[in-house]
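Just so you know, ligand 1 is whichever comes first in the structure, and atom 1 is the first atom listed for that ligand.
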Amino acid sequence: MTAKIISGVEIAKQIREELKAEVAGLKEQHGVTPGLVTILVGENPASVSYVTAKQKTAHELGFHSVQDNQPEDITEEALLALIDKYNKDPAIHGILVQLPLPKHINETKVLYAIDPDKDVDGFHPVNVGKMVIGEQCFLPCTPHGILEMLERSGVETSGAEAVVVGRSNIVGKPIANLMLQKRAAGNATVTVCHTRTRDMAFHTRRADILVVAAGRPKVITADMVKEGAVVIDVGVNRIGKTPEGKAILCGDVDFEAVKEKAAAITPVPGGVGPMTITMLMKNTVQAAKQFAGLA
Ligand SMILES: NC(=O)c1ccc[n+]([C@@H]2O[C@H](COP(=O)([O-])OP(=O)(O)OC[C@H]3O[C@@H](n4cnc5c(N)ncnc54)[C@H](OP(=O)(O)O)[C@@H]3O)[C@@H](O)[C@H]2O)c1
């Protein structure tokens, strides 16, 4: 069996087209323009490129987009004051603080300072709590993107054995939680593996749907995957550079071998990655609609 490739590039493109039309409608019919601010502290090259990509997408979709660059040595107090300013700004519906922050700033304190109604990253405990009890909220972007990929690719999750490798707060825990909820792309029987799991292959081999977010190149080999499984590879590992100096990326799954066994698989790059930014945009549109009393 050679797996169907679930293209995040294609699905993200489709969702962005939908969002573009929705933003145009919001402007025309309601005079509402979704506003997104991305706050970048310092000049970490990876963070600069993530923030640039987010701003570019926001701009393409017709958002009011603000890039707020702050120096590496900004005080925690000043950063909290900045967040407070955007919390009160009616033109801004979504606030994103690019992580990681410099060591002298308490990340938790900063994330908790964002108004939960503008927390389009879905990291505020109010949104995390609502997610866990299945209330409407801003879902964290990467797991949200995985749900969309499963749904739009017609993967049946109801009753499926889903195995998640990784238990981080941004990917593993939320995707495990979402897939067990009574909702679209949910109703699965979920197992979560981590570094203390005694026999990981025992679990992964049972998986109808395997979601891998370990951050370890090719940690999932073909012998760990059931014939006909759906494999979602979240991992992004930089394993070298091309002669031109471009990073060579690989996922957490041994793609070439596993694709011969799986029914469907996401590639790296071009799988989950493009979905994450797209879901940030979707959350921002949702925030704008809520602010305007339209959702
Ligand atoms: N495409 C995207 O948009 C996107 C978004 C977010 C993250 N990512 C990528 O996804 C990967 C995971 O990110 P993350 O933030 O969730 O990472 P993380 O915070 O480092 O968490 C990794 C998790 O994987 C577990 N783990 C690591 N090695 C393992 C192994 N050999 N066997 C079993 N479990 C193992 C760890 O277990 P312990 O808890 O026991 O340590 C931990 O729970 C990274 O490559 C990251 O770059 C991609």
Side-chain angles (χ1 to χ4, degrees), residues 5-12 15-16 38 44-47 49-54 56-57 96-101 107-108 111 120-123 128 138-150 162-179 190-207 210-221 223-225 231-240 247-255 258 265-283:
I5 306 297
I6 302 177
S7 167
V9 174
E10 286 305 315
I11 299 172
I15 298 173
R16 287 179 198 193
T38 48
N44 174 311
S47 296
S49 79
Y50 290 142
V51 160
T52 307
K54 286 166 189 172
K56 184 170 168 273
T57 311
L96 179 133
V97 179
Q98 186 63 47
L99 302 179
L101 291 170
E107 244 172 45
T108 305
L111 293 180
V120 285
D121 242 347
F123 292 159
V128 176
F138 297 117
L139 299 180
C141 300
T142 302
H144 196 179
I146 296 171
L147 294 186
E148 287 277 348
M149 290 179 103
L150 292 171
V163 175
V164 176
V165 178
R167 57 175 167 183
S168 71
N169 288 335
I170 64 167
V171 191
K173 276 186 206 148
I175 191 60
N177 186 273
L178 288 163
M179 288 189 73
V190 183
T191 303
V192 183
C193 299
H194 44 77
T195 56
R196 305 294 170 95
T197 298
R198 218 177 295 136
D199 182 357
M200 189 162 70
F202 166 79
H203 297 286
T204 59
R205 274 191 213 114
R206 287 189 301 107
L210 179 60
V211 180
V212 191
R216 301 281 181 277
K218 301 187 183 179
V219 72
I220 299 296
T221 48
D223 60 310
M224 298 169 81
V225 177
V231 180
I232 307 291
D233 189 354
V234 187
V236 180
N237 305 291
R238 285 168 176 77
I239 52 166
I248 301 172
L249 302 181
C250 92
D252 289 350
V253 174
D254 183 355
F255 180 82
V258 172
I265 188 167
T266 61
V268 178
V272 176
M275 295 297 293
T276 299
I277 292 183
T278 303
M279 301 325 287
L280 175 72
M281 301 303 142
K282 196 170 166 104
N283 281 351

| said: Has D252 got a side-chain atom pairing as donor or acceptor with R216's backbone, closer than 3.5 angstrom? | reply: yes

| For atom 20 (O) of ligand 1, what's the nearest protein heavy atom and its distance? | A214 O, 4.5 Å

| task | Check ligand 1 against G273 and write out every atom of the ligand that is under 4.0 Å from a heavy-atom position of the residue. | result | 1 (N), 3 (O)

| said: Regarding atom 10 (O) of ligand 1: of the candidates N237, N169, V234, which has the closest heavy atom? | reply: V234

| Residue, atom name and distance, where the atom is the protein heavy atom closest to atom 2 (C) of ligand 1 | T276 OG1, 3.7 Å

| message | Would you compute the distance between atom CD1 of I175 and atom CD1 of I146 and round it to the nearest 0.5 angstrom? | response | 4.5 Å

| field | Closest protein heavy atom to atom 17 (O) of ligand 1, given as residue, atom name and distance to 0.1 Å | value | S168 CB, 4.3 Å

| message | Counting only heavy atoms, tell me which of A213, G215, G251, G8 gets closest to atom 23 (C) of ligand 1. | response | A213

| query | Tell me: protein heavy atom nearest atom 25 (C) of ligand 1, and distance? | reply | G166 CA, 3.9 Å

| request: Enter the distance from D121:CG to Q98:CD here, rounded to the nearest 0.5 Å. | output: 8.0 Å

| request: Measure the distance from atom 43 (O) of ligand 1 to every protein heavy atom, then report the residue, atom name and distance (to 0.1 Å) of the closest one. | output: R167 N, 2.9 Å

| request: If you have a sec, work out which protein heavy atom is nearest atom 46 (C) of ligand 1 and how many Å separate them, to one decimal? | output: V236 N, 4.2 Å

| request: Determine whether the side chain, the backbone, both or neither of T195 has a heavy atom under 4.0 Å from any heavy atom of ligand 1. | output: both

| said: Can you tell me how far apart CG (L147) and CG (L178) are? Round to the nearest 0.5 Å. | reply: 5.0 Å

| said: Closer than 3.5 angstrom, by distance alone: can the side chain of E107 be matched with the main-chain N or O of L101 as a donor-acceptor pair? | reply: yes

| query | Is N283 reaching over with its side chain to a backbone N or O of L139, donor-acceptor style, under 3.5 angstrom? | reply | yes

| Looking only at heavy atoms, is any part of M275 under 4.0 Å from ligand 1, and if so is it the side chain, the backbone, or both, or is it neither? | neither

| field | Nearest neighbour in protein (non-hydrogen) for atom 6 (C) of ligand 1 | value | V171 CG2, 3.8 Å

| field | Reported CZ-to-CE distance for the pair R205 and M200, which is rounded to 0.5 angstrom | value | 10.5 Å

| Looking at atom 31 (N) of ligand 1, what's its closest protein heavy atom, distance included? | V219 CG2, 3.6 Å

| query | Looking only at heavy atoms of T197, does any of them come nearer than 4.0 Å to an atom of ligand 1? | reply | no

| message | Under a 3.5 Å distance rule, please check whether T204 uses its side chain to pair with a backbone N or O of V225 as donor and acceptor. | response | no

| query | When rounded to the nearest 0.5 angstrom, what distance separates CE in M275 from OG1 in T278? | reply | 6.0 Å

| message | Using a 3.5 Å distance criterion without hydrogens, assess whether the side chain of N237 forms a donor-acceptor pair with backbone atoms of G251. | response | yes

| said: Could you tell me, atom by atom, which parts of ligand 1 come under 4.0 Å of a heavy atom of T142? | reply: 3 (O), 5 (C), 6 (C)

